[in-house]
Q: 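Structure in structure tokens, see below.
Whatever order the structure lists ligands and atoms in, that order sets their numbers, starting from 1. Remember, predicted model here, so these are calculated numbers, not experimental data.
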Amino acid sequence: MRSLVRETSLSASQFVLPLFARPGRKLRRAVNSMPGVFQLSPDEIVVEARLAFEAGVPAVLLFGIPDVKDERASGAYAPRGIVAQTVRLLKKELPELLVITDVCLCEYMSHGHCGLVEKRGSAVRVLNDPTLKLLARAAACYADAGADIIAPSDMMDGRVAAIRQELDRGGHLETPILSYAAKFSSAFYGPFREAAESAPHFGDRRSYQMDPANAAEALREVALDIQEGADMVMVKPALAYLDILYRVKAEFGLPTAAYAVSAEYSMIKAAGAQGWIDEKAVTLESLLAIRRAGADIIITYSAVEAARWLKSNK
Ligand SMILES: [Zn+2]
């Protein structure tokens, strides 16, 4: 009877698995703060993506970690850069797998900020408009490589329009944009910065990411991204921002993604390892709550495990 009247369903078909690509072969470098998560060379990404796909997870979200970083994030838009290279390989080996590419510059910048930086004495400014061109170049480069969805996460103003224009100019008229529309300046990203090696070396990201106190502003950010051409929007983090997720879905009705971020994953893993919580039950309950709040798409490091748990629960 419970299953007849259940309001919310959770299925692996809604999951997206984030993966971290770095140059090399047969490389699996464990991320200490995220048990079960690795930086992987492209060949190992294919192994991991195949496991996910076979478990019922339809999509991956790619991040790149280049060998060399500089002050113009050249690695982000190099035609043979790590993400472009990995996308090509994935589309060749697993053509049915949906490949989403994160678009940001922080992993490729020597200073770790998401945009170009101007330093004057001790004052640091992230330059919004000059950054847009580089983001658009990166997006076009991934689309050229075969990416199915482009997902800008930088939070610069105007980047969705800039990316849309560049994609269209390059003939990628049908490549959708999933914008990280409401991305908060959150302490829940801590473990990710080890995974992506993207911690800023000075300052913080509060001048471009959102204040966790602001919900109305989140709705305005989402509205702007939709106006600029976003096809899908994202709220990040997920669990501590379910009210935002609910309001975004209710207000705009667009396909809406939620990113269950690194600390959401690591906290459950750590407490589970101690035997303080039931890891499986807490993971599935968290994902269900994210669905209930309005997410159509859930980006989660637990995608493969959760997919298997859901199968074995049936
Ligand atoms: Zn970034």
Q: For D102 and S153, which I'm curious about, is there any donor-acceptor pair between the side chains at under 3.5 Å?
A: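 Yes, side-chain donor-acceptor contact under 3.5 Å.
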Q: Would you say the ring centers of F38 and F20 fall short of 6.0 Å from each other?
A: no
Q: Quick test of your reading of the model: are D70 and R72 salt-bridged, counting only N-O distances below 4.0 Å?
A: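 Judged by the 4.0 Å cut-off on N to carboxylate O distance, D70 and R72 do not form a salt bridge.
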Q: Does a donor on one side chain and an acceptor on the other come within less than 3.5 Å for S9 and S11?
A: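 No, no side-chain donor-acceptor pair sits under 3.5 Å.
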Q: For the residue pair Q85 / R80, report whether a side-chain donor-acceptor contact shorter than 3.5 Å exists.
A: no
Q: At distances under 2.8 Å, what protein N, O or S atoms surround the Zn ion (ligand 1)?
A: C104 SG, C106 SG, C114 SG
Q: Could you go through the side-chain contact (heavy atoms from CB on, under 4.5 Å) check for K91 and V99 one step at a time?
A: CA-CA 8 Å; K91 292 311 290 183; V99 178; 3.7 Å; yes
